[in-house]
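Computed from a prediction, not measured in an experiment: that's the story for all the values here.
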Amino acid sequence: MLAPLAYRWRRLRGSDRYAECLRVLLALTGVVAWCFATGHIDAVVSALLGVIACALAETEDHWRNRLATLLLTLACFAISAFSVQWLFPYPLLFAIGLPLSTFALVMLGAASERYATVAGATLLLAVYSMIGADQAHAGPWWYQPSLLLAGAAWYGALSLLWSVLAPQQAVRLSLARLFDALADYLEGKAAMFTPVHGMDREAMQWSLAMQNERVVEALNDTRLVLVDRIGARRPRGATATRLQLYLIAQDIHERISSAHYPYDALADALFHSDVLFRCEHVLRMEARSCRQRADALRMRSTPSPNAASEASVADLLNAVDALRAQPHPPAVELLRAVDALVRNIAAIQQQLAGQIPHEWRGGAQAELQDPGPQSLADGWDRIRLQLTPRSFRFRHALRLSCALLMGYAVVHAMHPGHGYWILLTTLLVCQPSYGATRLRLLQRVAGTVAGLVLGWATLKLLPFGPWQMPLMICAGVVFFAARHRRYSIATAAITLFVVLCFNQVSNGYAVMLPRLLDTLIGAAIAALAMRFVLPDWQGRRFDDVLADTVRSDARYLERIIVQYASGRRDDLDYRIARRNAHNANAALSAVLANMLREPGQHRRGSETLLRFLSAAHALLGQLSALGANRKAIDSPPARDAVTHAGATAIEALAQLGDALAHGLTAQVSAEDTALLEPFTAGADDETARLVLGQLSQILAQRHRLAELANSLSAS
């Protein structure tokens, strides 16, 4: 009995949300205890809102950077809270300052994700300050802002102490999320190798593209955490070990993404062989190894070696040898692709078993690019580049500013009780895209209704304030536990939290109807703003996203071809090009997902778009196959042939990207692959033949992308 309980406790401690939820629990409990111990019950609402605002502004930084971020956060909070307090009695001045400050804070997020997080929390605290000023009892002008700042500072101090005591926790959890995402991708890729006729592999490619988006997001998050820990120093100790794990995950991602041969053609050619079944089996075992690695990172244990996986790889190699020894083996080019595929799968197994390539232990291969601004001038340049109506951030900043101004006008026109919750709802519901706004609106309304029902039941069952405090604290913790993955549950929890908070200082029943009405009004304002204030329909920027995807692929291919002449090297330039290609592909997937949630008249050929996404992901897989098999070609004629053929493919991709960017008709030629024929004569090397075969597939995929792009333009 004790063993399962101990295991579950370790699993809980290793969960992604455990640390944040525990910090929130301690912070909320501390505020409530202080208010009751000192008799300042009237201070509980503002102090608790300050805790929540600071927790929402938290970033996964090392304690040195977290201290700097905390000071910046408190400074922004102080400016926001005191500005609201001073301007609150002057509606006209407030109406001028509200949209200007909103626009400035949203645009500040262009400098970096850290500033975007702080800016968003500052806007939230400004609305909390309005709520506090509207409900404040008699007291000096500085009282309510000071309570908000005290709550924020209290949580900030706890967070800083936590970061000092557990400096590697964020790195471990980020890596665990990354290996879980890799496991999902491996399982999705394994399904592609099922040798069954009639499978809709194009639909499976769509699913893989969505899974790839999650892997890319996890890679980017982990890189940010590692950059923060390493900085300009040479990685040492646990940080160096986890940097190696990150580099392994990057390489595994490239190998998983690889597509060495069309899957339908593989299934037809090897239908009576067990090679593809064995490939699928090994990939699923490697997915389990990734999950074991993720669990080990969360629970601070060592993953057990998987001898069965090694044996399965050996069986797969034997199956390929038997395939080659058949009286009538498959075509040479198919066998070459199968050999490369199996080498790839075997390399993944070796890396999961802990065999770290020597070149990853330091030097250029261990460098990471810092995505943050390197100076004030750099930060300003990033913001300045976004100051254009073509920028989605600029449009969102202007839209949100107008929406909050509209909400402020409604508050003064109607004078509803607790009217500033209208602004709070508008702020939280209004998202950069129509699809995200619509989803958040539905979740917010549903969660608010559920939370009010729970609040009414709680006040009936627990009518005495002190007995409601533990439940109120638990509701705050549930909000943080669910806010990323279950926003409706998070909204219900925070609504219950608000009802119980106000029941400590006044009447909880009195806030229920205003909370519901204000939520509906605020959600309606957000929907109207999204619909009519510079609506950011994804179709308008889709050509730019398509162009960026193809151009990033061309730059990735350029870095790959260079290494077939100079030798394999996972240096910073190569990894940046690879990351940019995957980021662009993930952006294409995200834009398409948002577009499919938009009204029908603003969609552009949904079926064609899905096919374009499938083709773009297949192209990235063909490039990844070249990247995964990088090695120097010894024969000078073969090396020259690969270099010139690569330049031809790069130019073809670049031309397609330029055509998409400028709205031109993409050149389509059924003889694209014939462009490589002049170089095949010099391909007297097995590696060169593999590269030329992959380049031929890339040009064929480029041809398909051009056709689909022209179909989109005509629709």
Item to check | Cation-pi geometry met for Arg630 and Tyr574 (6.0 Å, 45°) | outcome: yes

Checklist entry - Hey, is the main chain of Ala314 close enough, under 3.5 Å, to the side chain of Asn318 for a donor-acceptor pair? => result yes

Next on the checklist: Less than 4.0 angstrom from a charged side-chain N to a carboxylate O is my criterion; do Arg66 and Glu58 meet it?
Outcome noted: yes

Checklist entry - Is the backbone N or O of Asn629 less than 3.5 Å from a side-chain atom of Arg255, with the two atoms forming a donor-acceptor pair by type? => result no

Checklist entry - How about Tyr115: does its OH atom have over 12 heavy atoms from other parts shown lying under 6.0 Å from it? => result no

Checklist entry - Any Lys/Arg nitrogen of Arg555 or Glu558 sitting under 4.0 Å from an Asp/Glu carboxylate oxygen of the other? => result no

Item to check | Expected output: side-chain Arg172 to main-chain Leu297 donor-acceptor under 3.5 Å | outcome: yes

Checklist entry - Between Ser614 (side chain) and Trp206 (backbone), is there a donor-acceptor pair under 3.5 Å? => result no

Checklist entry - Between Ser312 (side chain) and Val282 (backbone), is there a donor-acceptor pair under 3.5 Å? => result no

Item to check | Any donor-acceptor N/O pair, Arg639 side chain to Ile633 backbone, under 3.5 Å | outcome: yes

Item to check | Flag, side chain of Gln563 to backbone of Arg569, donor-acceptor distance under 3.5 Å | outcome: yes

Next on the checklist: Can a donor-acceptor pair be found, under 3.5 Å and without considering hydrogens, that links the side chain of Tyr261 to the backbone of Leu341?
Outcome noted: no

Checklist entry - Do the side chain of Asn220 and the main chain of Val216 share a donor and acceptor less than 3.5 angstrom apart? => result yes

Next on the checklist: Does this structure show an ion pair linking Asp251 with Arg568, if we count only N-O contacts that are shorter than 4.0 Å?
Outcome noted: yes

Checklist entry - Does the distance from a Lys or Arg side-chain N to an Asp or Glu carboxylate O, for Asp321 and Arg324, drop under 4.0 Å? => result yes

Checklist entry - Within a radius of less than 6.0 Å around CZ of Arg336, do more than 12 heavy atoms belonging to other residues, nucleotides or ligands occur? => result yes

Next on the checklist: Among residues at least two apart in sequence or on other chains, which ones pass ring pair (Phe, Tyr, Trp, His ring centres under 6.0 Å) with His260?
Outcome noted: none

Item to check | Steps toward salt bridge (Lys or Arg N to Asp or Glu O under 4.0 Å) verdict (Glu187, Arg291) | outcome: CA-CA 11 Å; Glu187 288 178 345; Arg291 295 202 191 281; 3.4 Å; yes

Next on the checklist: Whether the side chain of Gln622 engages the backbone of Gln694 through a donor-acceptor N/O pair (distance < 3.5 Å, no angle test) should be reported.
Outcome noted: no

